[in-house]
Amino acid sequence: MINLWAVDASGATGTARATVVVAPADSLYPGNRTIAYSGAGDFSGAPSGATRVSTLRNLQGAINSSRFPTRVLFKRGETVLDVDLISRARSGGRLDHLGAWGTGKTPVLRPKRYDSGNMITWHSNGPETQITVENIRVVGHWDPTTETGSQGGGSPFFWRDKKKSAKIVLHKVELTNYEAQQLSANSAPCDVLVAD
């Protein structure tokens with residue numbers, strides 16, 4: 001239950017109440033609607049029925065062939081290098097949720113060092129209306145202390161040209177050693193919530 005109380009500049013007040021039901025992610029992405037990634041090939045503790053992949057090429061292939069809204073989870077404790085993924089509208093499939101599975105430290109994603117593109121791109125005509133990114137750490141190749149390294153040319157997460165409005169949530173996401181993060185949408189208004 002959410003209770004809202006508000007007051008405006010003239011002192012007028014108002015209240016509202018709403019009930020919000022938060023469904024567990026496992027019920028929204030059962031079985032092969034979840035893709036579990038482990039570069040080491042260790043899938044102990046992975047969600048039941050999840051598609052298991054251990055290379056980025058196979059991960060992209062699994063995203064491309066998905067027929068449903070899809071969740072991608074990276075294994076905790078692992079570092080994934082040269083991440084370059086795209087979510088496209090293919091047979092109704094899409095990347096709606098990006099997160100972590102297992103126990104241990106937050107998984108680290110690193111983009112290609114000299115890539116002029118973006119680490120994860122939601123294609124402009126993709127059908128996603130809710131995008132959640134949580135529990136990951138993104139480390140770029142720029143050292144702000146020594147001002148050396150590669151700034152790259154893109155963003156960790158890119159949805160700037162989406163043509164369909166989306167609600168975007170970044171929760172417990174750490175971005176470091178990166179030049180910039182695009183949080184805008186040219187073609188359709190997207191609401192972005194950043195928490196923790």
Side-chain angles (χ1 to χ4, degrees), residues 21-113 115 117-123 126-141 155-159 166-178 181 193-196:
V21 177
V22 179
D26 287 345
S27 71
L28 295 174
Y29 303 99
N32 63 5
R33 291 190 184 193
T34 291
I35 304 169
Y37 178 93
S38 170
D42 178 3
F43 294 97
S44 56
S48 177
T51 299
R52 299 174 176 194
V53 297
S54 56
T55 68
L56 289 174
R57 181 176 181 163
N58 289 344
L59 175 56
Q60 184 65 69
I63 293 170
N64 290 348
S65 64
S66 173
R67 299 178 56 90
F68 307 100
T70 302
R71 171 177 67 163
V72 171
L73 302 178
F74 293 92
K75 183 168 178 144
R76 289 184 178 274
E78 291 191 355
T79 296
V80 187
L81 303 176
D82 298 332
V83 178
D84 185 7
L85 300 172
I86 298 176
S87 175
R88 295 185 177 96
R90 298 252 179 125
S91 303
R94 58 187 187 253
L95 176 55
D96 282 1
H97 191 125
L98 185 69
W101 65 276
T103 59
K105 292 185 178 181
T106 303
V108 175
L109 305 185
R110 300 206 73 183
K112 292 182 177 179
R113 184 175 291 274
D115 188 10
N118 305 290
M119 191 178 78
I120 300 175
T121 300
W122 281 265
H123 204 263
E128 308 90 357
T129 57
Q130 169 76 48
I131 298 169
T132 301
V133 181
E134 62 178 347
N135 299 314
I136 61 171
R137 184 170 186 246
V138 179
V139 179
H141 299 282
S155 294
F157 312 117
F158 189 75
W159 46 78
K167 308 292 185 187
I168 299 166
V169 177
L170 297 177
H171 179 241
K172 294 186 178 178
V173 173
E174 180 184 350
L175 301 172
T176 186
N177 295 27
Y178 232 96
Q181 167 60 57
L193 172 65
V194 180
D196 294 333

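We count residues from 1, following the sequence as given.
Note: T132 OG1 to L95 CG = 10.0 Å, rounded to the nearest 0.5 Å. With rounding to the nearest 0.5 Å, the separation of OG1 in T79 from CZ in F74 is 12.0 Å. Atom-to-atom distance recorded for L98:CG and T70:OG1 is 12.0 Å, nearest 0.5 angstrom. Atoms CG and CG, on D196 and L170 in that order, are 11.5 Å from each other to the nearest 0.5 Å. Once rounded to the nearest 0.5 Å, the distance linking CD of E174 with CD1 of I136 reads 10.5 Å. In this structure, T121 OG1 and I86 CD1 are separated by 5.5 Å, a value rounded to the nearest 0.5 Å.
For D84 against Q60, the heavy-atom pair with the smallest separation is O-OE1, 4.0 Å. In this structure, L85 and L56 approach most closely via the heavy-atom pair CD2-O, 4.3 Å. When all heavy atoms are compared, the tightest approach of S54 to S38 is CB-O, 3.0 Å. Smallest separation of non-hydrogen atoms from H97 and A25: CE1-CB, 4.4 Å. When all heavy atoms of M119 and V83 are compared, the closest pair comes out as CG-O, 3.4 Å.
Among residues two or more places apart in sequence or in another chain, the side chain to side chain contact (heavy atoms under 4.5 Å, CB included) test is passed with S48 by none. Residues forming a side chain to side chain contact (heavy atoms under 4.5 Å, CB included) with A195 (at least two apart in sequence, or on another chain): H171. Judged as a salt bridge (charged side-chain N to carboxylate O under 4.0 Å, His left out), and not counting sequence neighbours, R33 has no contacts. For D82, the salt bridge (charged side-chain N to carboxylate O under 4.0 Å, His left out) criterion is met by no residue, not counting sequence neighbours. Listed by chain and residue number, R71 satisfy the side chain to side chain contact (heavy atoms under 4.5 Å, CB included) test with D26 (two or more places apart in sequence, or in another chain).
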Show the atom names and distances, to 0.1 Å, of all donor-acceptor pairs under 3.5 Å that link a side chain in residues 99-110 to residues at least two apart or in another chain.
from	atom 1	to	atom 2	distance (Å)
W101	NE1	Y37	O	3.4
W101	NE1	L73	O	3.3
R110	NE	V139	O	3.1
R110	NH2	G140	O	2.5
R110	NH2	H141	ND1	3.2

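Residues I35 and I63 meet the side-chain proximity criterion, which asks for heavy atoms closer than 4.5 Å. Side-chain contact between Q130 and D96: absent, with no pair of heavy atoms (C-beta onward) separated by less than 4.5 Å. In this structure, Y29 and F68 have side chains that are not in contact, with every pair of non-hydrogen atoms separated by 4.5 Å or more.
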Decide yes or no on side chain to side chain contact (heavy atoms under 4.5 Å, CB included) for I131 and F157, but give the supporting numbers first. CA-CA 11 Å; I131 298 169; F157 312 117; over 6 Å; no
Test side chain to side chain contact (heavy atoms under 4.5 Å, CB included) on E134 and V169; report intermediate values, then the result. CA-CA 8 Å; E134 62 178 347; V169 177; over 6 Å; no
